[in-house]
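I have a structure I would like to understand better, so I am pasting it below and will then ask my questions one at a time.
Each chain gets a letter, A, B and so on, in the order the sequences are listed, and its residues count up from 1.
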2 protein chains.
Amino acid sequence: MKVNTKTRYGIRTLMELARNDSGAGMHQKDIAVNQDISYKYLDHIIAQLKSSGLIVPVSGRKSGYRLTRKPEEIAVYDVFTAFNSTLALLDCLFDGELCEKHERCAAREFWDGLNSVIENYLKDRTIGDLIDRQSALESQQGGLAYQI
Amino acid sequence: MKVNTKTRYGIRTLMELARNDSGAGMHQKDIAVNQDISYKYLDHIIAQLKSSGLIVPVSGRKSGYRLTRKPEEIAVYDVFTAFNSTLALLDCLFDGELCEKHERCAAREFWDGLNSVIENYLKDRTIGDLIDRQSALESQQGGLAYQI
DNA sequence: TTTTATCCTACAAAACAGATAGGAAAAGTA
DNA sequence: TACTTTTCCTATCTGTTTTGTAGGATAAAA
Ligand code: FES
Ligand code: FES
């Protein structure tokens, strides 16, 4: 049970765009360098974020990629679904055909519950929250680890 | 982000043993049939459950596998850890060496939070809860789906 | 003694993750 | 205009993990 790197990099890409809200867009190259993601791999991440409507490339002066919404309006859940067709811990969760006794399966209900818990967590937090927290972390003085 | 079948089958195996608490143990063959798990695949599941100390084979009359603890005392989390070395959505979650700025990474904190939420869910529910719920589901009369 | 069940190790197909590679097309720049 | 850079698109590659199967040795039961 791991989160794939595309989802993780996708989030960090959006955080990068959100932080660099200096009027100008941001180029793939800079995102790659700042977030330490392979430039070529980032191709795929960006393509996915674009086709999900989370970012858009703008041209002209100040060209580069931009967020289509304000950071506070982008739930992490939105990023997650951009990289994972559905949030389903099991295939039979939403496809009743897969298991008989589907309607009377305590195990399925159990996983369904966990699924909801995860979904709520992802829906309750936005890219805005993440960059706020990141700023707070970075403004802390002194090399004090574990002081969270 | 999927739960692997071993974990799922492991839970169902324990549920099967928990329900069949008629004094006698239960044989691999019967578990496989009742839970519709490949007999040979179940070999691995059982081996893992044994080495994790969750079940034990008993011999003599009434031979078969038995739970080592009462169903209410087996958290689903225990089964999960039997089949997954650690519950870690990301490798860098517990291994600070993997990322620099590890101590000041809002993304890591975010995943850490989700990790805890999942962990708590798994720790709060037992095999006992699952079989109780299963019994309730099965005693419901009439083919009324979606009446949960 | 015969059958059945457990236990142990090796193997394999398939799916998936995590990239890399090459180049066309579009856009920016001098 | 020429050229350089950036975006965009598709294919390929490599290793790992998942989900099993197979075979047989060993132990137990009938
Ligand atoms: S409904 Fe799929 S495991 Fe029960
Ligand atoms: S600490 Fe690993 S992603 Fe930030």
- Can you tell me how far C1' of dC16(C) sits from CE of Met1(B), to the nearest Å?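 Atom CE in Met1(B) sits about 16 Å away from atom C1' in dC16(C).
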
- Ignoring backbone atoms, test whether Tyr9(A) places a side-chain nitrogen or oxygen under 4.0 Å from the OP1 or OP2 oxygen of dA19(C).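 Indeed, a polar side-chain atom of Tyr9(A) lies that close.
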
- Under 3.5 Å, side chain of Asp129(B) to main-chain N/O of Thr126(B), donor-acceptor pair present?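 Between the backbone of Thr126(B) and the side chain of Asp129(B) there is a qualifying donor-acceptor contact (under 3.5 Å).
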
- Item | Of residues 81-98 of chain B, the positions that come close to DNA chain C - non-hydrogen atoms, cut-off under 4.0 Å |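 Nothing qualifies; none.
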
- Separation of dA5(C) C1' from Met26(B) CE (nearest whole Å):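 Atom CE in Met26(B) sits about 15 Å away from atom C1' in dA5(C).
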
- Does anyone know the first and last nucleotide of DNA chain D in reach of chain B, 5' to 3', at under 4.0 angstrom to a heavy atom?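 For DNA chain D, the relevant span reads dT19(D) to dA29(D).
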
- Specify the closest pair of heavy atoms between Arg12(A) and Gln35(A), including all atoms of both residues, with the distance to one decimal.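 So the minimum-distance heavy-atom pair works out to NH2-O, 2.6 Å.
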
- A correct 5'-to-3' footprint of nucleotides 22-30 of chain C, with B, S and - meaning base, sugar-phosphate only and no protein heavy atom under 4.0 Å, is BB---SS--

- Message: Rounded to whole Å, please give me the gap between CG in Leu42(A) and P in dA21(C).
- Response: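 That distance rounds to 16 Å.
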
- Message: I'd like to know if the side chain of Asp30(A) reaches the main chain of Met26(A), judged simply by a donor and an acceptor atom lying under 3.5 Å from each other, with no hydrogens or angles considered.
- Response: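 No: the side chain of Asp30(A) does not pair with the backbone of Met26(A).
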
- Tyr41(B) has an atom OH; how far is it from atom P of dA12(C), in whole Å?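 Taking OH of Tyr41(B) and P of dA12(C), I get 18 Å after rounding.
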
- Message: Please tell me whether Thr13(B) and Tyr65(B) have a donor and an acceptor in their side chains that are separated by less than 3.5 angstrom.
- Response: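 Side chains of Thr13(B) and Tyr65(B): no pair found under 3.5 Å.
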
- Would you please confirm or rule out a distance under 4.0 Å between OP1 or OP2 of dA21(C) and any side-chain N or O of Tyr39(A)?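 Indeed not, no polar side-chain atom of Tyr39(A) lies that close.
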
- Is any NZ, NE, NH1 or NH2 atom of the basic residue among Glu109(B) and Arg133(A) found under 4.0 Å from an Asp or Glu carboxylate oxygen of the other?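 Yes, charged N to carboxylate O under 4.0 Å.
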
- Answer yes or no: are there more than 12 heavy-atom neighbours, outside Lys2(B) itself, under 6.0 Å from its atom NZ?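 More than 12 within 6.0 Å, yes.
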
- Going by the salt bridge (Lys or Arg N to Asp or Glu O under 4.0 Å) test, which pairs reach into residues 118-128 of chain B, not counting sequence neighbours?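 Salt bridge (Lys or Arg N to Asp or Glu O under 4.0 Å) check on residues 118-128 of chain B returns Glu119(B)-Lys123(B).
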
- Ile31(B) CD1 - dA5(C) C1' separation (whole Å):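 Spelled out: CD1 on Ile31(B) to C1' on dA5(C) is 12 Å.
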
- Just how far, in rounded Å, is P of dT20(C) from CD1 of Ile37(A)?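 Atom-to-atom, Ile37(A) to dT20(C), this comes out as 12 Å.
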
- Task: Provide, to the nearest angstrom, the distance between the CD1 atom belonging to Ile55(B) and the C1' atom belonging to dC7(C).
- Result: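 After rounding, the gap between these two atoms is 12 Å.
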
- Query: Using rotation axes that map the C1' atoms of four end pairs onto the next four (five pairs an end), what angle separates the end axes of the helix from dT1(C)-dA30(D) to dA30(C)-dT1(D), to 10°?
  - Reply: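 Answer for the end axes of this duplex: 10°.
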
- State, to 0.1 Å, how close Arg69(A) and Leu54(A) come at their nearest heavy-atom pair, and which atoms those are.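 Looking at all heavy atoms of both residues, the closest pair is NH2-CD2, 3.4 Å.
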
- Can you tell which of dG18(C), dT6(C), dC7(C) lies closest to the side chain of His27(B)?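 Between dG18(C), dT6(C), dC7(C), the one nearest the side chain of His27(B) would be dT6(C).
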
- Item | Leu87(A) side chain reached by Asn115(A) side chain, heavy atoms, under 4.5 Å |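 They are in contact (side-chain heavy atoms under 4.5 Å apart), so the answer is yes.
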
- Query: Counting N and O atoms only, with roles assigned by atom type, does the side chain of Asp78(A) sit under 3.5 Å from a partner on the main chain of Ala75(A), one being a donor and the other an acceptor?
  - Reply: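 Yes; at least one donor-acceptor contact below 3.5 Å.
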
- Message: For the CD atom of Glu103(B) and the CD atom of Gln140(A), what is their distance to the nearest 0.5 Å?
- Response: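 With rounding to 0.5 Å, CD (Glu103(B)) is 10.5 Å from CD (Gln140(A)).
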
- Message: Under the rule for ring pair (Phe, Tyr, Trp, His ring centres under 6.0 Å), what residues qualify as partners of Phe110(A), not counting sequence neighbours?
- Response: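 Phe110(A) satisfies ring pair (Phe, Tyr, Trp, His ring centres under 6.0 Å) with Tyr121(B) only.
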
- In whole angstrom, give the distance that lies between atom NE2 of His44(A) and atom P of dA17(C).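 Atom NE2 in His44(A) sits about 14 Å away from atom P in dA17(C).
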
- Query: Okay, side chain of Asn4(A), backbone of Thr7(A): is any donor-acceptor separation there less than 3.5 Å?
  - Reply: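 Here the side-chain-to-backbone pair exists.
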
- Message: Applying a 4.0 Å non-hydrogen cut-off, can you work out what Lys6(A) is touching in the nucleic acid: base, sugar-phosphate, or nothing?
- Response: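 Answer is nothing: Lys6(A) stays at 4.0 Å or more from every strand.
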
- About how many Å separate CG of Leu98(B) and CG of Asp95(B), when rounded to the nearest 0.5 Å?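 If we round to the nearest 0.5 Å, Asp95(B):CG and Leu98(B):CG are 4.0 Å apart.
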
- Task: By nearest nucleotide on DNA chain C, pick out whichever of Val3(A) and Gln28(B) is the more 5' one.
- Result: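 In this pair, the answer is Gln28(B).
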
- Message: Does Lys29(B) reach a base, just sugar-phosphate, or nothing at all? Heavy atoms under 4.0 Å.
- Response: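 Sugar-phosphate, no base atom in range.
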
